[in-house]
Each structure stands twice: as structure tokens, then as C-alpha cells.
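To start, the structure itself, in C-alpha cells.
Just so you know, ligand 1 is whichever comes first in the structure, and atom 1 is the first atom listed for that ligand. When reading the values below, keep in mind they use all heavy atoms of this one structure, side chains included, and skip hydrogens, waters and symmetry mates.
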Amino acid sequence: MKMESSDKVKYVLWFAQEHVNFRAADIESVASIFNIEVNYHTEISDVPYCIVELPSEKEAHLLASRCISLRSVLELWGHGKTNEELHNSIQQTPKDRMYPHFVSEKSFRLTVETFCKSLSMKEKVERIESFSYLPIEGNVNLKDPDVTFYLLEYFGQDSNNIPEQPYELFFGRWVADGQRSLIQKLSLKTRHFLGNTSMDAQLSLLMANQAKIVPGSLVYDPFVGSGSLLVSAAQFGGYVSGADIDFLMIHGKSRPVRPNQKVREKGESIKSNMQQYNLSSKYVGVLVADFARPLWRPDVRFDAILTDRKFFKIPQNEL
Ligand SMILES: C[S@@+](CC[C@H](N)C(=O)[O-])C[C@H]1O[C@@H](n2cnc3c(N)ncnc32)[C@H](O)[C@@H]1O
């Protein structure tokens with residue numbers, strides 16, 4: 001992680017507060033896929049914000065286009081440990097960076113987001129009014145604005161000990177959202193074919209990023225099970241294949257795992273999962289094989305082996 005300080009454009013990586021330990025790997029893998037130089041002004045930690053410098057907004061969009069851990073990326077216009085520091089820092093941000101977004105042609109919204117504290121509407125309005133010195137000329141549009149400004153206030157992570165004032169404040173312009181919507185799209189709750197160790201969608205996607213799957217990658221999972229990792233790899237454009245020692249699993253005949261399901265539906269299989277997500281064109285195939293017995297010719301090459309061998313039981317609320 002390269003830490004630097006300069007006058008270049010800074011961005012806030014705003015993370016979802018889940019699988020915190022995978023954040024850094026997610027960002028670094030995606031940065032490596034797109035060959036993006038990320039200069040860190042603060043460390044990636046369990047705090048859901050990290051300030052970085054990126055070569056341009058294009059790179060902010062690229063990071064957001066693949067990162068699963070990211071909620072959003074904002075262009076940073078102000079940062080401080082107190083309100084005074086925040087507003088001083090906004091006033092020092094070059095006008096030519098902010099003012100093009102304040103013109104009358106652009107509608108806007110200013111959203112206040114707090115971490116570990118809820119604010120009343122009155123408190124939110126007071127916060128919004130504290131920015132009235134900014135010469136914003138556009139109309140307010142809460143539903144579909146041309147530009148969204150965010151005030152982020154961080155009150156720590158101890159819900160039993162919430163401070164009166166935030167520990168840290170950030171102000172900036174929304175640039176892009178990360179790929180959190182894929183977690184919902186590929187959720188096990190609606191997955192056609194499930195096994196009792198199907199990897200959950202979020203971890204599968206994080207793993208596919210760490211494996212740096214790109215369109216055209218040839219991917220193999222030697223412990224494929226119900227093929228969750230193949231789904232996430234195919235979602236990112238990989239051509240996917242796998243093997244498993246369990247004949248019944250590979251043929252979609254293993255015992256159903258959903259509480260109310262007595263028998264498997266016709267056609268339940270890894271292949272039907274690919275069809276469910278419109279990823280059939282990425283499906284190479286799966287076979288029954290024992291990993292302990294050499295299967296492939298020595299000259300066969302895969303771009304990525306994406307696998308998990310550990311036994312995770314799916315939580316009941318995921319079924
Ligand atoms: C943790 S599960 C993988 C779950 C998979 N990622 C999924 O989403 O369903 C491990 C799998 O390894 C398979 N397995 C165990 N020993 C094996 C071996 N020697 N060769 C191939 N597969 C094996 C098991 O049958 C099981 O399906």
C-alpha cells in the first residue's frame with residue numbers, strides 16, 4: 001500500500017461494513033486488473049472510509065465497476081475531525097473542481113449519511129444548511145439529481161458509547177457505486193441449484209476479484225460442489241469448468257438442502273444455475289473426478305484455479 005500526499009484529486013473509498021478483512025485485497029486486486037495506481041492517503045482499516053488519490057475520475061469508475069466491498073466512490077472536497085476543519089478544508093479545495101457542479105443547469109441533492117448514529121430530520125437539515133455558503137445555483141432534486149453531494153459523519157463503531165460529535169467528517173461529490181447489487185442478483189436465496197456447502201454470493205464475488213478473473217479467463221474449480229464460484233467467475237466474463245468427487249452433486253441428484261424441499265426439481269444442476277443468470281455461454285462443463293488423481297495433461301493451462309475446500313454450512317437464513 002503506497003502512502004503519499006499531494007495536491008492531486010482525492011477520492012473517498014466508502015466501504016460497506018461487511019467482510020472488512022477482504023477490503024484491501026478487493027481494492028488491490030481490482031486496481032491490478034485495470035493497472036490503476038492507487039496512492040493511499042489513509043490506510044484501509046475497519047473504518048468504512050479510505051482516502052486515496054487516483055490518476056483521474058476514469059480510474060474511480062473502473063474501481064467501482066468491479067469492487068464488491070465498495071459502497072460508493074466520492075470525489076473528496078473536504079475532510080476534518082471537526083466541523084470547523086471540514087468547512088476550512090472545503091474552502092481550500094480549488095474552485096474549478098467544485099464550481100462546474102454548482103451551475104444552474106445541474107439539479108442536485110445533498111445527502112447526510114452517518115455511521116453508528118441516527119440523526120433527526122432537524123439535525124440533518126441543520127447540517128445541510130451549514131453548506132449554504134457554497135454558491136450552488138441548481139435546483140434541488142431529491143429523486144434523480146444530476147449531481148449528489150454527500151456529507152459523511154463517522155461516530156466510531158461502539159454503539160454503546162456514541163460520541164456527541166463525530167470523530168471524522170467527509171464532504172464530496174458522488175462519482176460511482178460499487179458492485180454491491182451483484183450480491184443480491186446472485187444471492188443463494190434465489191439460486192436454482194444449491195448444495196449444503198454452496199459458497200455465499202458475496203464471498204464468491206470477492207474471491208473472483210482476488211483471482212483477477214477477466215473476460216476470457218479460463219477458470220477451473222477442482223472442488224466445484226454446487227458451482228457457486230463458477231457463477232461469480234462467469235459473471236466477470238470467465239469461461240468456467242470444474243470437478244468434484246461427488247457424483248450425485250455433479251449430476252444434480254444430491255439431497256435437497258432447502259428446508260421445505262423434499263426432492264430436487266427437474267433439471268437442477270450447475271448448468272441450470274448458469275442459465276438462471278444468463279451465463280450459459282461461459283459454461284465449459286463439470287465432471288466427476290478425485291483431485292488426488294491427476295486428471296489433466298501436464299500442458300493444460302488455466303488462468304485461475306478458484307476453489308474452496310473448507311466446509312461452510314450455509315446459515316439457515318440464506319436458504
Ligand atoms: C466446500 S465444498 C465446495 C463448495 C463449492 N464452492 C460450492 O459453492 O458448492 C468442497 C467440495 O469438495 C468436494 N471434494 C472433497 N474431496 C474431494 C476430492 N478428493 N476431489 C474432488 N472433490 C472433492 C466435496 O464433494 C465438496 O463438494
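Only backbone heavy atoms of V224 (N, CA, C or O) come within less than 4.0 Å of ligand 1; its side chain stays farther off.
For the pair R191 (side chain) and L186 (backbone), a donor-acceptor distance under 3.5 Å is present.
At a threshold of 4.0 Å, the pair E268-R264 counts as salt-bridged, since one of the basic side-chain nitrogens sits closer than that to a carboxylate oxygen. Salt-bridge check for R71 with E113: passed, with a basic side-chain N closer than 4.0 Å to an acidic carboxylate O.
Taking a cut-off of under 4.0 Å to the non-hydrogen atoms of P222, the atoms of ligand 1 that pass are 21 (C), 22 (N). Those atoms of ligand 1 that come under 4.0 Å of a heavy atom in D290, given as number and element, are 18 (C), 19 (N), 20 (N). Atoms of ligand 1 found under 4.0 Å from any heavy atom of S198, numbered from 1 in the order shown, are 7 (C), 8 (O), 9 (O). Ligand 1 places these atoms under 4.0 Å from at least one heavy atom of D246: 25 (O). Each of the atoms 7 (C), 8 (O), 9 (O) of ligand 1 lies under 4.0 Å from some heavy atom of S226. Annotation for ligand 1: atoms under 4.0 Å from non-hydrogen atoms of A289 are 20 (N), 21 (C). When each atom of ligand 1 is checked for a heavy atom of G225 under 4.0 Å away, the hits are 9 (O), 27 (O).
Checking only distances, D221 never comes within under 3.5 Å of ligand 1, N or O to N or O. For the pair M199 and ligand 1, the shortest N or O to N or O distance falls below 3.5 Å. On a distance-only criterion, A243 and ligand 1 share no N/O pair closer than 3.5 Å. Backbone and side-chain nitrogen or oxygen atoms of I245 are examined, and one is located within less than 3.5 angstrom of a nitrogen or oxygen of ligand 1.
Between H87 and F131, the distance separating the two ring centers is shorter than 6.0 angstrom. Between F155 and F115, the gap from one ring centroid to the other reaches at least 6.0 Å.
Of the listed residues (D200, L230, D244), the one carrying the non-hydrogen atom nearest atom 13 (C) of ligand 1 is D244.
Remark: R309 qualifies as a cation-pi partner of F223 under the 6.0 Å distance and 45° angle criteria applied to the six-membered ring.
Checking K212 against S32 by side-chain atom types alone, a donor-acceptor pair falls below 3.5 Å. No side-chain donor-acceptor contact under 3.5 Å links S107 and N139.
A heavy-atom separation below 4.0 Å is not found between M249 and ligand 1.
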**Q.** Steps toward salt bridge (Lys or Arg N to Asp or Glu O under 4.0 Å) verdict (R127, E153)
**A.** CA-CA 10 Å; R127 262 58 165 192; E153 296 192 353; 2.9 Å; yes
